[in-house]
Amino acid sequence: MKQRILFVCLGNICRSPAADGILRQMVERRGLTESVEVDSAGTYAGHTGELPDSRMRNAAYARGYVLTHRARQVREEDFERFDMLVAMDDSNYHNLFRLAPSPEAREKIFRMSEFFTAHADWSHVPDPYYEGHEGFELVLDMLEEGCAEILRRCVEE
Ligand code: 4NP
């Protein structure tokens with residue numbers, strides 16, 4: 001059965017569109033587009049329609065990812081369409097929990113940190129918005145690791 005994964009952060013211009021671009025590329029490279037669908041959204045609507053932050057686009061491009069997602073806010077229907085809603089931090093997680101229309105919908109909410117391997121001591125993906133270049137590199141390291149683990153579990157199931 002097709003697995004549908006939605007990455008969620010605050011603005012949908014840094015962390016979640018990067019996760020979206022990374023997992024999308026992993027899925028395409030492995031010929032799994034029929035099995036895994038990827039999207040991203042933000043809990044805050046203020047950046048709707050925007051491309052990812054240029055600092056994130058540049059850092060991701062340097063690793064071979066082209067980020068073309070346009071920001072959108074998460075909506076109630078996302079809990080029907082997607083099998084997993086993956087929050088970047090506790091605040092995103094709690095906002096999703098509040099938005100979830102049913103107990104079944106709440107069971108679809110995960111934290112990205114649940115999929116960390118080398119960064120297992122972290123409980124969240126830090127918001128890089130007010131950080132320097134290293135903040136974006138750390139986020140990309142975490143997202144590459146988490147996406148690889150999500151894909152591994154999708155393929156196993
Ligand atoms: P993101 O980063 O949640 O990873 O997209 C942010 C983007 C925008 C804002 C905060 C975080 N903001 O306050 O506008």
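Remember, it's a predicted structure, so these values are computed and weren't measured experimentally. Each ligand, and each atom within it, is numbered from 1 in the order the structure gives.
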Examine Gly11 against ligand 1 and note whether any of their N/O atoms are separated by less than 3.5 Å.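 Yes, there is a polar N/O contact under 3.5 Å.
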
Using a 3.5 Å cut-off on N or O atoms only, is Arg15 in polar contact with ligand 1? yes

With no hydrogens and no angle check, is any side-chain donor or acceptor of [X] less than 3.5 Å from a backbone partner on [Y]?
X     : Y      : result
Arg63 : Glu137 : yes
Asn92 : Met88  : yes
Lys2  : Glu37  : no
Asp20 : Ser16  : no

Please list, in number order, the atoms of ligand 1 under 4.0 Å from a heavy atom of [X].
X     : answer
Cys14 : 1 (P), 2 (O), 4 (O), 5 (O)
Ile13 : 5 (O), 7 (C), 8 (C)
His47 : 8 (C), 12 (N), 14 (O)

Heavy atom under 4.0 Å from ligand 1: found in Asn12's side chain, backbone, both, or neither? backbone

Which is it for Met88 and ligand 1 at heavy atoms under 4.0 Å: side chain, backbone, both or neither?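 Looking at Met88 and ligand 1, no heavy atom falls under 4.0 Å.
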
Tell me which one of Leu143, Ile150, Leu151 satisfies side-chain contact (heavy atoms from CB on, under 4.5 Å) with Phe115. Ile150

Looking only at protein heavy atoms, what sits closest to atom 13 (O) of ligand 1 is Tyr130 OH, 3.9 Å

In terms of residue, atom name and distance, what is the protein heavy atom nearest to atom 1 (P) of ligand 1? Cys9 SG, 3.5 Å

Nearest option to atom 2 (O) of ligand 1, as decided by whichever heavy atom of Val139, Asp127, Leu10 sits closest: Asp127

Could you tell me which non-hydrogen atom of Val74 sits nearest to which non-hydrogen atom of Thr43, and how far apart they are? CG1-CA, 4.2 Å

Parallel, tilted or perpendicular: which describes the rings of His119 and Phe116, with under 30° parallel and over 60° perpendicular?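 Ring orientation, 0 to 90° scale: perpendicular.
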
